[in-house]
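Report on the following structure.
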Number of protein chains: 2
Amino acid sequence: MSKDILSKVKPRDSKHNTNEWVYNSLCQLILTGEFVPGISFTFRGIANSFGVSTMPVREAAKRLISEGALDMSEKRRITVSQMSQSKFDELMIARLNLEPQLSVLALKHIDSKRLKLLINIDKNLDYAISTGNIEDYIKYNYQFHFGIYEAGLSPVLLPLVRTLWLRFSPFYRIVAGRAGTQTLKDFHHSAIDAIIAKDSVALEVAIHSDILEGMEMLNESLNE
Amino acid sequence: MSKDILSKVKPRDSKHNTNEWVYNSLCQLILTGEFVPGISFTFRGIANSFGVSTMPVREAAKRLISEGALDMSEKRRITVSQMSQSKFDELMIARLNLEPQLSVLALKHIDSKRLKLLINIDKNLDYAISTGNIEDYIKYNYQFHFGIYEAGLSPVLLPLVRTLWLRFSPFYRIVAGRAGTQTLKDFHHSAIDAIIAKDSVALEVAIHSDILEGMEMLNESLNE
DNA sequence: GTAACATATTTGTGATCACAAATTATAAAT
DNA sequence: ATTTATAATTTGTGATCACAAATATGTTAC
């Protein structure tokens, strides 16, 4: 792992201790597709990149391993977990069953300020889609979904759903070469409409459809 | 934490390294209700009880903290996470949406040997219910559900559901003083019938009903 | 050139250490 | 007896060390 990882990561915050900083940084790198499946790391290598000892890296990486985002199966090497069809199918099941419910729980906590934020994110998302910028698409898609989900501060479902995203996000990179992102925006718009109307059923449907579409796109790319 | 924890835990296996042994042991203690909400530990205390250094305890406990089973909120003390109504409601949502699906995925992998095992577990469960033995009820109820779930080796849903059980299991102890366990056995029987008939819809309904009933019992106890 | 063997390096694991921050125990004062 | 100030202890965190196992590197033999 190269030294310039630090430039792709939020600077160290005094609010978080070292292992939290490393954990959040690794999450960010995974969620933005910076960690491509296949490349492998070592504790010492990551530690050198962050300029810390192996100790906080061990805690952060071990946590991500237990969350299924990283793997240490291959002897003494840490890698982004490989995807399989059964993993993918189960991720789909979990997302379809949890995220619509989570968005309904969050709906009542979405105030006008957050709504404005979501509309703005969606605008950026539309632009990323129209220009085919997959990196921005990944980033704003994440921000849009969790902009909704985080409104409710759900103590159980929110962390659960976060681990699901850690598992499939690295594979968005595979979609980069394809031009199938044009049809995705409708569901975000109908989600916003549902939030404005405070219509929980419509929001549930919109999130459900969005997941279905996005995951189907991923599935096609995985099987090519 | 007292030294006699070792007697309540599986002896160390050469297949697992130290931190896995500690993690599995802590899981067992949590799932069997040995760790009651409220009591608090320290890394060094647990390490002394297990006769190991703080290192593997840190890894095991930190993992359980990230899984929501343990808490370190109160300054420098590790405790079994407190339950709240919103946590409970979300656990219910997650269980009802994941476990029936997980059992359907597992159904096709349940062979006659496993079916016999489930029937035997259910017999022990019936006896525990009739004698009001809450400890055995907790143990065999876990074995019954995961006896089904584990058949499919689901790489995503199974670990996810395990973390849900880690979160609510400690609170079964609160039910100990009540006599409301008599009505639970029917759903296990209908689950077994569904497995024999290879009827996935019936299995889904049985698991759903069982969760609903068990969690409702827990919810009443939490609110008394 | 290639396979077989020996050597050197790197790896994760578990233990230990240093240390600041927090907790608890002790003593003093009213 | 209760509060307040001070000292002693304990805590999690991050760094470092020892070590066996695994990997990589070099060397020899055919």
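Numbered from 1 within each chain, the chains take letters A, B, ... in sequence-line order. None of these values were measured; they are calculated from a predicted model.
Between Phe50(B) atom CZ and dG14(C) atom C1' the separation is 16 Å, expressed in whole Å. As rounded to whole Å, 8 Å separates atom P of dT13(D) from atom CD of Glu20(A). The interatomic distance linking Trp21(A) (CH2) with dG14(D) (C1') rounds to 13 Å, in whole Å. Asn19(A) has its CG atom 14 Å from the C1' atom of dA15(D), to the nearest Å. The interatomic distance linking Arg12(A) (CZ) with dT13(D) (C1') rounds to 10 Å, in whole Å. Taking atom CG on Asn48(A) and atom C1' on dT16(D), their separation rounds to 14 Å, with Å as the unit.
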Result block: side-chain N/O donor-acceptor pairs under 3.5 angstrom for residues 104-118 of chain A, not counting sequence neighbours:
| residue | atom | partner | partner atom | Å |
| --- | --- | --- | --- | --- |
| Asp111(A) | OD1 | Arg114(A) | N | 2.9 |
| Arg114(A) | NH1 | Gly147(A) | O | 2.7 |

Donor-acceptor pairs under 3.5 Å, side chain of residues 93-101 of chain A to any protein atom, not counting sequence neighbours: which ones?
| residue | atom | partner | partner atom | Å |
| --- | --- | --- | --- | --- |
| Arg95(A) | NE | Glu99(A) | OE2 | 2.6 |
| Arg95(A) | NH2 | Glu99(A) | OE1 | 3.2 |
| Asn97(A) | OD1 | Gln101(B) | NE2 | 3.4 |
| Asn97(A) | ND2 | Ile93(A) | O | 2.7 |
| Glu99(A) | OE1 | Tyr149(A) | OH | 2.5 |
| Glu99(A) | OE1 | Trp165(A) | NE1 | 3.4 |
| Glu99(A) | OE2 | Trp165(A) | NE1 | 3.1 |
| Gln101(A) | NE2 | Asn97(B) | OD1 | 3.4 |

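The ring-ring contact (aromatic ring centres under 6.0 Å, His included) test applied to Trp21(A) returns Phe50(A), not counting sequence neighbours. Here Ser81(B) pairs with Asp71(B) under the side chain to side chain donor-acceptor pair (under 3.5 Å) rule; sequence neighbours left out. With sequence neighbours excluded, the residues forming a side-chain contact (heavy atoms from CB on, under 4.5 Å) with Asp89(B) are Gln85(B), listed by chain and number. Considering only residues two or more places apart in sequence or on other chains, Asp136(A) meets the side chain to side chain donor-acceptor pair (under 3.5 Å) condition with Asn133(A). Scanning for side-chain contact (heavy atoms from CB on, under 4.5 Å) contacts around Pro37(A) gives Val80(A), Gln82(A), Pro170(A), Phe171(A), with sequence neighbours left out.
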Please list, for nucleotides 7-11 of chain D, all pairs of protein and nucleotide N/O atoms separated by less than 3.5 Å.
| residue | atom | partner | partner atom | Å |
| --- | --- | --- | --- | --- |
| dT11(D) | O2 | Arg76(B) | NH1 | 2.1 |

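Non-hydrogen atoms lying under 4.0 Å from DNA chain C are contributed by Arg58(A), Lys62(A), all within residues 55-66 of chain A.
The main-chain N or O of Asn19(A) is never found under 3.5 Å from a side-chain atom of Glu59(A) such that the two would form a donor-acceptor pair.
For Ser53(B), no side-chain nitrogen or oxygen approaches OP1 or OP2 of dG14(C) to under 4.0 Å.
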